[in-house]
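Quick notes on the structure that follows.
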Amino acid sequence: MNITTMYCGSDHAGLGLKHLCIRHLHNQGWTCTDLGTTSEASCDYPVFAAEVCRTVQTKGQLGLLICGTGLGMSMTANRFSSIRAALCTNEYMARMARMHNNANILCLGARVVGDDVALAILDVFVRTGFEQGRHQKRVELIDSVAGQG
Ligand code: RB5
């Protein structure tokens, strides 16, 4: 499957950075679908995390979730089976999240990373592929061990 689409969600704290990321990805030819929130009114991040996770579960492709710290988004997203959400604060984490963990959702904290760092993290995330090999079994184990918990 060709990865060409990013499903994006944020709460109010992540709204501005989400718009910046969407513009940035559009300029590189990505299709972006904004699943909310759409205003700066205070809202609940799990609602938008769930929207993005359900869409990524159904369609494949990648997701982007942004809140103030990225923590609430990543905590919520990682409750969904087959979702591997990576909260990244630097490019190395983004690279490893794709290469070793086959992360399918990038979480960012708009109050943690500056805009330039956020875009650099995003670029690495979308340009890096899964290494497979020994990492395939480990990634499969994430869902199977969690099912036993
Ligand atoms: C909103 O104030 C803030 O709590 C939220 O954006 C996020 O950081 C939660 O994890």
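Quick caveat, the model's predicted, so the values are computed rather than measured. Atoms within a ligand are numbered from 1 in the order they appear, just like the ligands themselves.
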Heavy atom of the protein closest to atom 3 (C) of ligand 1 (residue, atom name, distance): Arg111 NH1, 4.0 Å
Atom CD of Glu40: over 12 foreign heavy atoms under 6.0 Å: no
Contacting atoms of ligand 1, where contact means under 4.0 angstrom from a heavy atom of Tyr45: 9 (C), 10 (O)
Check: Thr4 main-chain N/O paired with Asn2 side-chain donor or acceptor under 3.5 Å: no
Sub-3.5 Å N/O-N/O distance, Asp11 and ligand 1: yes
Over 12 foreign heavy atoms within 6.0 Å of CG, Asp116: no
Trace of the side chain to side chain donor-acceptor pair (under 3.5 Å) decision for Asp123 with Gln28: CA-CA 10 Å; Asp123 280 342; Gln28 296 176 22; 2.9 Å; yes
Protein contact of atom 8 (O) of ligand 1 - nearest heavy atom, named by residue and atom, plus distance: Thr69 N, 2.9 Å
Within 45° cone of Phe125 ring axis and under 6.0 Å: Arg98 NZ or CZ: yes
Backbone or side-chain N or O of Gly72 under 3.5 Å from ligand 1 N or O: yes
Distance in Å, Phe48 CZ paired with Lys18 NZ, rounded so as to fall on 0.5 Å steps: 7.5 Å
Heteroatom distance test (Gly68, ligand 1): nitrogen or oxygen, under 3.5 angstrom: yes
Working for side-chain contact (heavy atoms from CB on, under 4.5 Å), residues Asp143 and Ser82: CA-CA 7 Å; Asp143 271 336; Ser82 78; 3.9 Å; yes
Ligand 1 contacted by Met75 (non-hydrogen, < 4.0 Å): no
Which segment of Met73 sits under 4.0 Å of ligand 1 when only heavy atoms are counted: neither
Numbered atoms and elements of ligand 1 in range of Ala13, under 4.0 angstrom, heavy atoms: 6 (O)
